[in-house]
Amino acid sequence: MILVSKKNTIINNKLIIGIFFLLAGISLSGCVIIPTPAHGGKGVVSAEVVQSFILGKTTRAEVLLQLGSPNYRFDQDRFIAYDWTQIVGYWGAGGQGGGDAGGIKDYRILCMEFSQDNRLKKYKFFSQRWFKGAAELMYEWIQEQKQNEPTLPEPITNKST
Amino acid sequence: MRKLIFFFLIVTGCTQYVRPVAQKTELHEKITFLKDGETRRDEVIARLGNPNEIYEGGHIIIFRPCEDKKEGLIFSNIECGLSLVLVFTIEGVLEKHSLIRGR
């Protein structure tokens, strides 16, 4: 009888220790996210450069001379866009027996609208917001601009009859 | 605090911003003929071939050359992160040009 109770005590202790390690393992493992300033990436358009552009004055030519070939062209170059990817943080996940880590990437787009006289009218930066990607947000913005001004007026030219 | 600043300096130092680059004579020999206010569009196309992109009916043209350490700039259809942007006057004379790295 005494032997049985001792055995039960040993089993109970092992069970308690096992549960302790299991809970410790679960609580100690997990995911760590370290946000950092946006960095890395190629073809990044800095906010400073864009802020140097003057709405209604800076021409498409001046923008292209400064930023080079755009990634997207829409509506006969009424809209042009530049995209790039940057790291905005790092994640790490680990637990019993292993783990992994990596960079958190953010896809960004700068979209610019030009007026009929080829001058910068509007610009906007886009990045992932909740479940909507930057490209989707940009297309929505372009549609909005087109609804506000569906077609640009024809340029005034002297036509000889 | 110093370690934190050092970390931020390291991570932000890896970024390659889009920027116009100064032309080097030995590497950019093929485009040294480009002179703002002098070179004509016809001459540019005769020397460099058809541009990769045309804007505003030819007012702006863009070439996408590759940079080779031995051969200098190579003009082809392969994109290598360089843009040669040329802006012409109505008369077809080169007004301004720039070589952009990062595009």
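Chain letters run A, B, ... following the sequence lines, proteins first, then strands; residues in each count from 1.
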Give, for atom OH of B:Y55 and atom CD1 of A:I80, the distance between the pair rounded to the nearest 0.5 Å. 6.5 Å
Which atoms form the tightest heavy-atom contact between A:L64 and B:I62, and what is the distance? CD2-CD1, 4.3 Å
For B:V87 and A:L65, run side-chain contact (heavy atoms from CB on, under 4.5 Å): C-alpha distance rounded to whole Å, both residues' side-chain angles, the deciding distance at 0.1 Å, then the answer. CA-CA 8 Å; B:V87 180; A:L65 280 165; 3.8 Å; yes
For the hydrophobic clusters of this structure (ILVMFWY residues joined by side-chain heavy atoms under 4.5 Å, transitively), does one cluster hold both A:Y72 and A:I142? yes
Relative to chain B, which segment of A:Q86 carries a heavy atom at a distance below 4.5 Å: side chain, backbone, both, or neither? side chain
If you apply the rule side-chain contact (heavy atoms from CB on, under 4.5 Å), what do you find for B:E56 with A:D77, and how did you get there? CA-CA 8 Å; B:E56 298 174 22; A:D77 302 324; over 6 Å; no
What I'd like to find out is whether the side chain of B:S98 reaches to under 4.5 Å of the side chain of A:Q66, using heavy atoms alone. no
Side-chain heavy atoms nearer than 4.5 Å, only ILVMFWY residues, links allowed to pass through others: does that put B:F33 and B:L73 together? yes
Would B:Y17 and A:F53 show up in the same hydrophobic cluster when neighbours are defined by side-chain heavy atoms closer than 4.5 Å? yes
Any non-hydrogen side-chain atom of B:H59 less than 4.5 Å from a side-chain atom of A:R60? no
Between A:F125 and A:M138, is there shared hydrophobic-cluster membership here, with clusters defined by ILVMFWY side-chain heavy atoms closer than 4.5 Å? no
Which residue out of A:P70, A:S69, A:G68 racks up the most heavy-atom pairs below 4.5 Å with chain B? A:S69
